[in-house]
Amino acid sequence: MAIALPSWEDTAGSSRPDSLWRLMETLAPPVVAVVVAHDPGPWFEETLASLASQDYAELSVLVLDAGSADDLTARVAAVLPSAYVRRFDDNRGFGATVDEVQSMVAGADYFLLCHDDVALFPDAVHLMVEEAFRSNAGIASPKVVSWDDPERLVHVGMTVDKGGSVIDRVQPHEIDHGQHDAVRDVFVAPGGVTLVRADLFVELGGYDPAIVAMGEDLDLCWRAQVAGARVIVVPDARVRHREELASGARPIDPALVTPEGSDPPANPVTLQELQRRHELLAVLKCYGPFHLVRVLPQVALLAVGEVIVAASAGNRARARAVIGAWRWNLARLSVIRRQRKELKSHRRIGDKEIRLLQLGGSARLSAYGRRVFQHGFHGAHADELAAADDSERFAAEVGAATAADLAFGGAGAAGGTAAAAVGRPGPPTDRPAPGRLSGRVRLTAWLVAAAIVLIGTRGVLTGRLPVVGQFVPFPSWSATFAQFGAGWHPSGVGTTAPVTPALALSGLVGTVLLGGMGLAQKVMIFACVPLGAWGVVRLLRPFGSQRASLVAGLAYLAMALPYDALSQGRWGALVVYAAAPWVLTQLCRATGLAPFAAVHDPGTAGASPGGPTGMLAPYDRRRLSAWLARHPTARRVCVLGLLEAVLVSFVPAAAVVVVLTAAALLASSVVYGEWRAVGRALGVALGATAVAAAICAPWVIGTLAAGRGAVAVFGVAVPASEAPSWGSLLRFAVGPIGASPLAWGFALAAVVPLVLARGERFRWSGRLWAVALVFWFAAWATGRGWTGGLAVDPMVLLGPAAAAIASAIGLGVAAFEEDLRAADFGWRQLVSVVATGAVVLGGVPTLVSALPGRWDLPVNDFSQSVAWMYAKTASGSFRVLWLGDPRSLNQGSWSAGDGLAYATSEDGGPDARWLWNAAGPGPAAELESAVDLARSGRTDQLGRMLAPSGVRYVVLLTSLAPEITGEQTPESYPVPADLAPALGRQLDLSQVVTGTGITVYDNADWVPQRAELPAKSAAVQAAAPGVLGGPPGASVVPGAVPVLPGPAASRSYRGTLSVGTVLAAVAPSGRWALTGPGGSPAPRSSWLGWAAKYQVTNPGVGVLRFDGGAVAPVSLVVSILTWLVVIAALADRRPRVPGWRRRRGAARGDGPPDGGVDGPTGAPVDGRVPEAPGVVP
Amino acid sequence: MTDDDRSGSTVDVGDGPDAPTPPLRSRRSSRSGPHPVAGRWASLAVVAAVVVAVAVVEAVAPAPAPAPAPGTGGAVAVAPAGAYSSSAFCTSGIGTAATAAIYLTNSTPRPVLGTMSSIGPAAATGTVPVVRRSLSVPPLATLAVDPGGGLPAGDNASSFAFAGGGVVATQVVSGPNGWSTAPCATQTSPQWSFAGGSTSAGNSLTLSLFNPTATQSVVNVSFLTPSGVVSPQQYQGLTVPGGQLVVENVGDFVQNAPEIATLVSAQAGALVSSEFQQHSSGATGGVSLRLGAPALSPTWRFAQTTATPGSTVQFTLGNPGAGPVTATFSFGLSSGSVVPRRLVVAPQSVADFSVTGTGGLPQQTPYSVTVTATGPIVVGRSVQAASAAAPPVWGSSSGTVTVAEHWLVPGPGSSGVPGTAGAAVESLAVANPGSTAARVQVERAGTTTPATVFTVPPDGVTVLGGKQVGGLEVLVVSASQPVTVEEDSGPSGAPGVVSSTGFPFVG
């Protein structure tokens, strides 16, 4: 409904003789100032007064009351009686409310769209109109200055990058010296006060009503430019702006972001998220098809990177905002498509010209890079976390569940990102803490370390990863997933034992990486190194010394252990290397001892009645997460249990590591007491192991079903003669790298805190030493075979020892800073200097090993030596029996005694599906028995014994990879000396490949895995092939021909059959069914006790299929559900409270809401821990 | 007084286990340096103790060394009774010059089933006749089989597959010139060595190459002569198809060599090799069937050597190495001692050592001979009896590299089926290479005859005569420590003309 407004003459008239309106009354176009107000504060009168004081004659004022609690009419009338007030029952947001003006106002040439917290200088309107006329602009924006300090600039127009990220043209708190006082085109006229041509506004349909806040100005300006209108800034026109909403002073109305009739979301929509979604909306809406296709993938890629970085920095609000933005827009694609169509009808300017007004590259990325460089990784995020905290606190205070995370609102409608990006004053700190380093120093140190690691790894990162040890290629991601849920595994001769969740987790990583399993493998392998270093940094953070954390992390990175593991393909050792610091952290926290005493789980803080519950949203008490929040120990058990579940999936021996770590901590109580506290860690470790077992229940049950042999899942013994020496263990030099006396430096430096440290630093260094000693000894004893069947790889056991020693080194630094800070110069300082030198020297061997670029990882592998096998499947599917040291085999193996291991694969070399074989070999144990017979001279027809299992080739490995003179000298892994001669004596085995480290024997007696005996063959009755069945070279099942072809490890084979008997050497026979021609099942009978014979009575196409029954799917569902339940229970938590906030809270006397040592900037400022809430040194 | 003590005036900052670090500390106390910390010395002591203790333990009890590679031993051994399968491979290469019989001896108290596959000379069409038959070796008894049965006359070879262990095969060849006995191989090998053949006038030497495996072997054959190594072109890359026999007349390429050593080396695959020597010395002579040694060795043992009047006992040493080898002959007697003798063998050459031509060695007294060389060699022994002795007057045999506590010693035939007319065991020598006396028991398998128990002195030898061991029964020797044995059979012109060492086994 159009309304007629009272004329300016009638209301203001000649009351202001100094104004120019009389001069312009015949020329000036009518302007309607539209003020959208919603519960404005006491400043509102000043806003109205500023409008009343305008020197522009043709100005009318329309106040739109967007559902204020109290009617504003009286307030408006008191200041601006001529203004028209329109009251709405609800608040639909600024844009949607302004849009009403299209139907309410007629005859206006310009709309002046105003917030309710602005104050215009008297000449602002006329200057803007004048310049808009002069420049023929569609939209004009004034210079926006601070409400309280007009000398400080807030906005002078804004620009945008191609991804829609809005960047302010001024720095925060920039003083106005007239440096921006030129009229110029800008991309965005920031909200607050915007002059827009009325016809343009109507043509564009006004603001997008879906944009309730944060971004309506970007959207309008972009569309205006598409329609051919200029957007300019008029610096001479000045406006003061409080930015109540963007600064977070005023919460956003929950009704705006909560669909009608629905409950408030668990994670309230933040201004940041609003801004991000509207930026993306503008991109999706305003680009033409060509540029959209070009730009959108880049925006998506940046979003993924931003989510990863934000999540890793603990800035979950930002990660959630980015994800939420995409989710919101993707859900509105139909609306966006319609809007694009509408905008297309107005398009007069191409994207190419519009792009000229945009910034190149990614403004957000550039700003982030600058911040990281200036403040370090954590410092770069601290501001946002601080802002998030502020908003969180504010939200709690006002009781608004939807108001949180106002980090990006400070710069106005769209400028928040820029404001956050260019940096704000850092988080408040009480005083400089000892051990604090500048972000630049830390960043430089980590960059140098990363560069060295990358240099050392360059040859592998860019090339093919050789198949050595456990570095085995994965099949496709779908095959990896499928194997997890198959219910049958090709391990040995086949088993129904559930497989480890590692396959599913690997598949998950591959899925995230768009199916690139090769990349997934590299990521999962090489990420272990930085992950471990990061873990050590986190472990030491409660001690409050960034320098200590840095040194510890670098020391951990400099140890030879991970690179030795890399060079020998020991993925398990790498995984434990990565996880050991995190496990140690959890257990240290579980003790509740200082400085870990103050570390409460963020999820529990709000649950404490005496805690600052008002700062965090309450839990739904009906949920498991709520229960966990009330039981911090149980929560910690679950956290560690989940971590342990992931670990044991890849490295079952990790269960031993977790429990042994806790036991080592307990053992340290002999010296340091605190039995009860440290005993709690053991309890948590045991509980976590139980949780991990529950999470991996199907696999664990399957493993336990192996009986006594289940212990083999932890590892297969290597010859005692191969045991690493005590000295090499102490130096973490258990491979080709680090075998230098210099590597003693780490252990030497780790002694320093035992000598110098005091208080908690001393006690924890002692406990860390206990961990190191226990694991060193365990590795030493295990290597010598003193632990019986429990044969954990010593390299795996070295992970926790290395983490402990690196942490002790860091505590030495902390001790130097804290305990020697004011001491007289003497031997103690000298010791510290020597220790520093020792650490540096200790890293030299690793540094030197980095130069070649491969960490001694071989280039050539044995997979190339057996690649020809795949071509042999033409004559039937077969198995390969692998014999050798367990470290040389590329799959999970079982012990054959004397340090010999055996394993199988199908149709050639193994892939990652064989990496985690079942704990027990099952019927494949017969293969080991046969080999044992050969070794002891009790058979010379080994091939005949292996033949029923489909073993066509026997591969004997005696080194990690082929030795190539001048190119690679891989680790040698000798096998029992009697093995090769024994194999050589076999009448039915002949050598077909003989190289350095590998010998391949061809079994002349082999039988295809799936073979058919025509009815005419008399050998059908052969119950079990015996030695008297024929001379060497004669098949143990004469007349057998291969049938039912199919890929390796398949669960279904299809092929043409003739009348006769089909032999299928896949176990367990009871779970495989042959469907003959016509769909009828072929009668089955047992063969060899574990394989099956099927009688085929009609020729035709048959299918041999695994039928797992209900067990497999039930097992799969249980497994998935268990994982999801635990993850959900732990993930459903409120935002983390950054460390600086806890410190600040403590400083305010609020008490540490969550202990305050887990944030990005570390512990309480001086590394000490308050003894009681609210008491800070 | 320590630094710590000097800070006595400072406040107690509570470094005990339960005391938290104080929030503030006086400047004075800070400058005084660290205070005594409870547990510091204990911590350092524990760390040092553990590190040192483990180091000491490691030094005292180092990690075990890798298990040594098993000795290749001889080509014969008794498969364990509980074996899944065992084999025997017999090849003679005698052509039509002699007849052969194979004796299968079962040392177990149960019958052992087996199959025998015999191949004959290839026909003109290239086809190889094969005869397969099943057999059952009775417990603790000897079964005689004819390797040539069903095959055309000529060279043949047999392989036996037994469904179990405990069975060994010996072969006896007999012809106009004499007779000989040799064990059949129980394993294949890529290498075989012989010492002591001759192609000089009156002598004929054939080399049998039998490949019982499924895949072909490619073989190189070389000969060591006193003048160096001979590698006939035709014997390089010699192909022996799987399951076939190749017999070569050495004299065709190495002519008129009085002493040679033969080296068979397979480039690919494995095989069994034996040599058949026909020796003529005037009106009489002898034959010798010898299974090769699957590996060279620096030590060779002969349990019984007896120099009788008019006889010649000669050892032939072949050194295939690139450097000279010094061989030491040690002699073990039942009592007394003899000074060892030394002999240098030139590289890639053969050398003879005649005990009968060496002064200071006992006559008509059996003694053991141990040849210890500075490098791997092969050693053989030949015995030329006095011309007036009963035929055969010549024979040769291989030594053994094996010492064992248990030996199975089949006789030259079985009851009712002697290897040759009147063949019987005449003596059994047990040599003890150890430094302590060995208690030895000899019993006849499958009979109720009481066992003979005696003691062999250190580095000594004890010889049982025909009264104790005579006949054709299978002898089982058990000793308290590793010994070597040698059985001498008759009829022959002198001890050592027809002899064999038996089969070591695990008791």
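A note on names: the letters A, B, ... follow the listed sequences, proteins ahead of strands, and every chain is numbered from 1. Quick caveat: nothing in here was measured; it's all calculated off a predicted structure.
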> Please walk me through it: do A:S929 and B:Y84 pass side-chain hydrogen bond (donor to acceptor under 3.5 Å, both in side chains)?
Replying inline: CA-CA 10 Å; A:S929 301; B:Y84 170 78; over 6 Å; no
> Distance-only, no hydrogens or angles: does the A:R784 side chain make a donor-acceptor pair with backbone N or O of B:P62 under 3.5 Å?
Replying inline: no
> Would a distance-only check, ignoring hydrogens and angles, find a side-chain to backbone donor-acceptor pair under 3.5 Å from B:R40 to A:V755?
Replying inline: yes
Give me the atom names and distance for the closest heavy-atom approach of [X] to [Y].
| X | Y | result |
| --- | --- | --- |
| A:A720 | B:A63 | O-CB, 3.6 Å |
| A:F762 | B:S43 | CZ-OG, 3.5 Å |
| B:S85 | A:T939 | OG-OG1, 2.6 Å |
| A:S936 | B:P80 | O-CG, 4.1 Å |
| A:G727 | B:E58 | N-OE1, 4.5 Å |
| B:V46 | A:L773 | O-CD1, 4.5 Å |

>> So which residue, A:G937, A:A723, A:G984, A:S725, ends up with the most heavy-atom pairs under 4.5 Å with chain B?
In response: A:S725
>> Under a 4.5 Å cutoff for heavy-atom pairs, which residue among A:S721, A:S668, A:G943 has the most contacts with chain B?
In response: A:S721
Side chain, backbone, both or neither: which part of [X] has a heavy atom under 4.5 Å from chain A?
| X | result |
| --- | --- |
| B:V130 | neither |
| B:A65 | backbone |
| B:T215 | side chain |
| B:F160 | neither |

>> Heavy-atom cut-off 4.5 Å, strictly under: side chain, backbone, both or neither for A:L989 against chain B?
In response: neither
>> Heavy-atom cut-off 4.5 Å, strictly under: side chain, backbone, both or neither for A:L754 against chain B?
In response: both
> chain A: which of B:T213, B:T188, B:V54 shares the most heavy-atom pairs with it under 4.5 Å?
Replying inline: B:V54
>> For a 4.5 angstrom cut-off between non-hydrogen side-chain atoms, does A:L987 reach B:S87?
In response: yes
>> Does B:W41, at its CH2 atom, have more than 12 non-hydrogen atoms belonging to other residues, nucleotides or ligands within less than 6.0 Å?
In response: no
>> Does B:V50 form a side chain to side chain contact (heavy atoms under 4.5 Å, CB included) with A:W769? I'd like the steps, not just the answer.
In response: CA-CA 11 Å; B:V50 172; A:W769 262 99; over 6 Å; no
>> As an exercise, state the distance from OG of B:S86 to CZ of A:R938, rounded to the nearest 0.5 Å.
In response: 12.5 Å
